[in-house]
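First the proteins, then the strands, lettered A, B, ... as listed; each starts at 1. This structure is a prediction, so every number in the text was calculated from the model and none was measured.
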Amino acid sequence: MNILQELQARFRAALVGLSDASDADLDLIRPAQDPKFGDYQANLAMPLGKRLGRPPRDVAAEILGRLDAADLCHPPEVAGPGFINLRLKDDYFIPHLQAAVGDQRLGVAPVEKPRTFVIDYSAPNVAKPMHVGHIRSTVIGDALCRTLRFLGHRVISDNHIGDWGTQFGMILYGYKHFLDAAAYKNNPVAELARLYRLVSLVMEYYGILDNLPVLEKEIQKQQKILEKLKLEDQNNKKIIEKIKEQDDKVKELRSTWVFDNATRIWLENGSTTPDISKLIPEHKEIRSDVLAETAKLHAGDPENRKLWQEFLPACEDEINRIYGRLGIRFDHTLGESFYEDRLAGVVEELVNKGIARESDGALCIFFPGEKVPMLIRKQDGAFLYATTDLATIRYRMEQFHPDAILYVVDHRQSMHFKHLFEAARLWGYGDVELQHVSFGTVLGEDNRPFKTRSGDTVGLESLLDEAVLRAGEIVSANDDAKPDGPELPPERRREIAEIVGIGALKYADLSQNRTSDYVFSYDKMLAMNGNTATYMQYAYARVRSIFAKGNVDAAELRRSGAEIVLPTPAERALALEILRFPEALDRAAADYRPHQLTAYLFDLANRYSTFFENCPVLRAETDALRRSRLLLCDLTARTIGKGLELLGIKVVEKM
RNA sequence: GCGCCCGUAGCUCAAGGGAUAGAGCAACGGAUUUCUAAUCCGUUGGUUGCAGGUUCGAAUCCUGCCGGGCGUGCCA
């Protein structure tokens, strides 16, 4: 039961015949901003009055004259310039609450018109360990899958893994030159990760070696420009500004040089772990050789192909282990390699249709009014990720016939997706909704991209371990402080810590508007106050604890036919909040923003806390009131549990 | 240079063109023989970067400026 939808339906009927009214006006029916305005408010009389050329209050009065909602709410009031304030009758919504008691879906009706979604998220490069950068895509994508699926849509999740790129060339090179056979036999994943790191360090060394002279030249050039500027009119404000800008530019170049040079020395004198200083001289051509290994793989070289087939399962096992820990699964894992044999055909067709054309030796798709094209084939004949993405769209359209394809990818790729979607439309895929569900960067508490102290990106697994470790400390401290003494054995504490730690990590990400960067903080995500998973899990556990303490069987209670009554404001507020669950899910799904759901859960948990403070449950004055309150507790817990489940977060019975 | 995004309380963030811009943290003051205080209640704190404009109504839409991030032809 969606109260908002019901109100909108009633208003729609009341607006019939009122010229110029449309469904868009119904969007202006909302939950009240302030309790003193009632439960819901309709703000549609103002724009309507404007369009009809009549005083809004008159329009509001006319609408109310036609409105048939006496069963839903008390007589509405017109306030201010024409706000219509609506106060629901308890008799109206209590039966819906009562219905939710016996409903697996908590009164959330499936959508009338299910759509088919393909959701593309996580997409790590499987040749290297997952890191902090993968968490947002993975967590947000998973939450969207779960939420849309629960709402009744058909959802196909597809992990478009990187299993065909240069990273595999690096591992191939490493395997052929640096392999520790015993280590590989013992733990292939760890050895491949070691090889990857080794090769990338040596490559970085030669990259820097090449880059330093270029930097020096550029510094000289920019320095000259700076000197010239200094000779100009020093009273001109614009010149002074330019000098400052130019000075910053030079400084930045110099600091890059200093940093790169320090890295060079660091790599040369053997202070790295592992020490690569002895390897450097023996692998002067590593960068082109790695590319050659990649090219050989793509060309079908039997040895490289065989090795790739050997590596891939190990790499996939590794990421699957982490997905297992995160509770994430995919319907499909169709990586880049899956599309390899389709790319040439895609390019040929785009050229034949006149969508792509040659430019500087590459094949490009140009867009009206845009300077930069999208490249679909390089000068050397190799394909690019744009090519794969186009082939992927075709495959998904043919295989799944989706109404929408969502790409949960960070915002830095917005131009790529703009181009990709435009190209897809030119190619004939104009009907499908193509959405870049973008998100910001994960920052450290210094407001810079989250890195370790030595500057490496943080591995995803160590992130999980740290969150779980800290959660464990909190769980133990709390259990030790319980009034009747600790009740959790060590292994149970560990299980709870895993759920609390990983839940905190996910929730911290999901509760933020995905479009902005977000600042990563263990302390904040594990805080017990505020909008955190821990607070929500705690609210859930407290409810369960009441049932345990009162020796109440929740399932039996639900079947008992006990009635809900709402004698106090705290109970009424909690009851209404429970019924708003469907509205929150709709909002979260509408713009693919899970933080709408977390915000709702936080509101719900807050109302519950107020209720919990004010309304004794087990010690309620009468047995009827006790049973009513137990039902409210149960509904709250189930709603929190379901909401968290849709976010991919688990709950515990005790914590 | 061009393009995209962002700028809200000391900090981290909310706010569907709607009434007095809200939370958490921090600070301060209260509540506990706990139905789990990992809590609750309250106080303080704002020129929503600046200047215009559109509108009955702007944090939100438009224009310009200031500040920041990201991207910008053969990586993904």
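Across the P atoms, A14(B) and U33(B) are found 39 Å apart, a figure rounded to whole Å. For the C1' atoms, the distance from U48(B) to A59(B) is 5 Å, rounded to whole Å. Between G45(B) and A37(B), the two P atoms lie 32 Å apart (nearest whole Å).
Regarding contacts with the backbone of C35(B), a side-chain N or O of Arg619(A) is found under 4.0 angstrom from either OP1 or OP2. Side-chain N/O atoms of Asn478(A) include one lying less than 4.0 angstrom from OP1 or OP2 on A38(B).
Rounded to the nearest 0.5 angstrom, Arg629(A) CZ and Ile546(A) CD1 are separated by 11.0 Å.
Here Arg412(A) lies in heavy-atom contact (under 4.0 Å) with sugar-phosphate atoms only. Contacts of Lys418(A) with the nucleic acid, taken as non-hydrogen atoms under 4.0 Å apart, are absent. The residue Pro47(A) sits close to a base: some heavy atom pair falls under 4.0 Å. Using a 4.0 Å heavy-atom criterion, one finds that His416(A) contacts no nucleic acid atom at all. At the heavy-atom level, Ala477(A) lies nowhere under 4.0 Å from the strands shown. Within the nucleic acid shown, Phe37(A) comes within 4.0 Å of at least one base atom, counting heavy atoms only. Leu384(A) comes within contact range of the sugar-phosphate backbone alone, with a heavy-atom separation under 4.0 Å but no base atom that close. Residue Gln379(A) is in base contact, counting any heavy-atom pair closer than 4.0 Å across all strands shown. Residue Asn125(A) is classed as having no contact, given no heavy-atom separation below 4.0 Å to the nucleic acid. Ala527(A) comes within 4.0 angstrom of nothing in the nucleic acid, heavy atoms only. Nucleic acid contact for Glu370(A): none, since no nucleic acid atom lies under 4.0 Å from a heavy atom of the residue. Using a 4.0 Å heavy-atom distance criterion, Gln167(A) is classed as making no nucleic acid contact. Using a 4.0 Å heavy-atom cutoff across all strands shown, Met46(A) reaches at least one base atom of the nucleic acid. At a threshold of 4.0 angstrom between heavy atoms, the contacts of Met374(A) with the nucleic acid are absent.
With G73(B), A38(B), C40(B) as the candidates, the nucleotide lying closest to the side chain of Ser609(A) is C40(B). Closest to the side chain of Phe602(A), out of G71(B), G24(B), C13(B), is G24(B). For His411(A), the side-chain atoms get nearest to C70(B) when compared with the rest of C35(B), A19(B), C70(B). For Arg542(A), counting side-chain heavy atoms from C-beta on, the closest listed nucleotide (C40(B), C35(B), A37(B)) is A37(B). In this structure, the nucleotide among G73(B), C4(B), A19(B) sitting nearest to the side chain of Asn85(A) is A19(B).
A cation-pi arrangement is present between Arg357(A) and Phe366(A) under the rule of less than 6.0 angstrom and at most 45 degrees off the ring axis. Geometrically, Arg587(A) does not engage Tyr600(A) in a cation-pi contact, judged by NZ or CZ lying under 6.0 Å from the ring centre and within 45° of the ring axis. For the pair Arg136(A) and Phe450(A), the NZ or CZ position fails the cation-pi test of under 6.0 Å to the six-membered ring centre and within 45 degrees of the ring normal.
Aromatic stacking of Phe612(A) on C35(B): satisfied, with centres closer than 5.5 Å and planes within an angle under 30 degrees.
Paired with Leu597(A) under the rule side chain to side chain contact (heavy atoms under 4.5 Å, CB included), one option of Leu647(A), Leu644(A), Leu510(A) passes, and it is Leu647(A). Remark: of the listed residues Glu370(A), His436(A), Gln413(A), Glu370(A) is the sole one forming a side chain to side chain donor-acceptor pair (under 3.5 Å) with Lys418(A).
Ranked by how close their nearest RNA chain B nucleotide is to the 5' end, Ser359(A) and Lys654(A) are led by Lys654(A). The 5' end of RNA chain B is approached more closely, in terms of each residue's nearest nucleotide, by Ala599(A) than by the other of Ala599(A) and Gly162(A).
Helical stems involving RNA chain B, defined as 3 or more consecutive Watson-Crick or G-U pairs under 3.5 Å, span B:1-7 with B:66-72, B:10-13 with B:22-25, B:27-31 with B:39-43, B:49-53 with B:61-65.
Between Tyr407(A) and Phe421(A), the ring centre distance stays below 6.0 Å.
Using a cutoff of 4.0 Å between basic side-chain nitrogens and carboxylate oxygens, Arg470(A) and Asp523(A) are scored as salt-bridged.
In the region residues 507-516 of chain A, proximity to RNA chain B at under 4.0 angstrom, judged on heavy atoms, holds for Gln512(A), Asn513(A), Ser516(A).
Counting non-hydrogen atoms of neighbouring residues, nucleotides and ligands closer than 6.0 angstrom, the CG atom of Asn551(A) reaches no more than 12 such neighbours.
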